[in-house]
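A short worksheet on the structure shown next.
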Amino acid sequence: MNENESGNRAKIIEILDKSEGGIVSGAVIAKELGISRQAVSKAIASLRDEGLDIASAPQKGYSFASPPEHTERLSPSLLDYMMRNEKKYAKSFFFEEIDSTQSVVKELASQHAPAGIVVMAEKQTAGRGRRGRKWIAPYGKNLYFSVLLRPKLKPGEVQLLNLAAGLAVKFAVDSMCGISAELKWPNDIMISGKKICGILSEAAGEPDRIYHAVTGIGVNVNMERGDLPDEIKSTATSIFIETGKKTYRTELASRILKHFAELASQTEESNGLKELLTLYRDNCSTIGREVRIIQDDSETIGLATGVTEEGALKAETPEGEMIFAAADVFHLRIN
Ligand code: BTN
């Protein structure tokens with residue numbers, strides 16, 4: 001697929017969406033895009049392959065049989081359309097199956113790809129989690145994507161991207177799924193005490209600046225109970241398992257990406273950062289809780305009191321105030 005073809009597909013979605021269910025002829029679409037009618041019907045066939053529900057009326061033209069945002073499959077063209085007004089979004093690359101979206105974006109970053117590139121996959125065969133863990137990523141039910149950023153941050157501030165991404169996922173899930181997901185420091189999103197989302201930010205740079213950061217987000221969206229491998233059954237869940245409702249994944253991805261674009265850019269200037277940290281403290285359920293903190297091989301019990309300007313966790317412990325830049329945190333009491 002070349003860039004024009006993917007751009008044309010997003011534009012066809014826009015033309016049909018604007019007509020609000022009305023029929024638009026192939027000739028009108030061809031004229032608006034400056035392409036042949038044959039190219040229009042090829043693009044329509046591809047959009048149907050992506051899951052968009054487009055009806056065709058003989059001799060008349062095309063219309064949406066159901067709204068594009070109700071597309072069940074992951075659709076790169078629909079994502080391009082939904083993100084069309086976002087200045088920070090560059091383009092998405094989509095894979096049916098890949099080892100890890102994180103690795104693909106890192107590779108693109110080393111080839112000077114621009115910030116705002118998003119790589120998504122229906123399945124990952126070697127999905128990576130924090131602290132060298134694996135991320136289980138079966139086909140066709142969830143969201144797995146990585147975003148390339150080139151923020152003005154120091155290596156010690158990369159955790160801020162995790163906080164921004166955690167908030168972005170919480171806001172998107174809450175607004176779309178009618179629930180209040182829990183945000184556990186730094187960026188685990190939980191429902192009923194079990195994880196539905198993991199976030200991993202990795203950066204490359206020098207001691208005083210980063211060249212790029214790659215933020216990877218995995219959300220368990222429509223996975224059913226039987227899809228959960230035994231090893232994660234007691235700690236993981238999905239939006240579907242908890243709400244009983246299927247969620248349109250492309251729409252969810254676009255909401256996450258829009259929130260993330262805005263929140264991540266706040267990390268780069270001081271007022272924005274202050275607002276981001278306030279928003280984070282207000283929405284992170286770890287703050288004010290008794291927690292068990294595991295860092296490397298040591299365990300600390302304490303009261304989580306806040307986050308620093310670098311996104312590290314502050315806790316009151318029997319040894320006094322301690323700061324944890326990266327650790328696993330467990331909430332000890334349900335408030
Ligand atoms: C965690 O351990 O909680 C972080 C999990 C991050 C998983 C995502 S899925 C998309 C991206 N690609 C990967 O290989 N990992 C991240």
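Computed from heavy atoms alone, side chains included, the values below leave out hydrogens, waters and symmetry copies. Note that ligands are numbered from 1 as they come in the structure, with each ligand's atoms numbered from 1 the same way.
Between the E290 side chain and the I301 main chain, no donor and acceptor come within less than 3.5 Å of each other.
Atom CZ of R9 sits about 12.0 Å away from atom CG of L78, to the nearest 0.5 Å.
Because its NZ or CZ atom is both nearer than 6.0 Å to the ring centre of F330 and within 45° of the ring axis, K184 counts as a cation-pi partner of that residue.
Salt bridge E50/R249: absent, no basic N to carboxylate O contact under 4.0 Å. Between E157 and K152, none of the side-chain N atoms (NZ, or NE/NH1/NH2) sits under 4.0 Å from a carboxylate O, so this pair counts as no salt bridge. We find that E14 and K18 are joined by a salt bridge, their nearest charged nitrogen and carboxylate oxygen being less than 4.0 Å apart.
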Distances for all N or O pairs of ligand 1 and the protein under 3.5 Å?
residue  : atom   : partner : partner atom : Å
ligand 1 : 2 (O)  : R130    : N            : 2.6
ligand 1 : 3 (O)  : K195    : NZ           : 2.7
ligand 1 : 12 (N) : T101    : OG1          : 3.1
ligand 1 : 12 (N) : Q124    : OE1          : 2.9
ligand 1 : 14 (O) : S100    : OG           : 2.7
ligand 1 : 14 (O) : Q124    : OE1          : 3.4
ligand 1 : 14 (O) : R128    : N            : 2.7
ligand 1 : 15 (N) : R128    : O            : 2.7

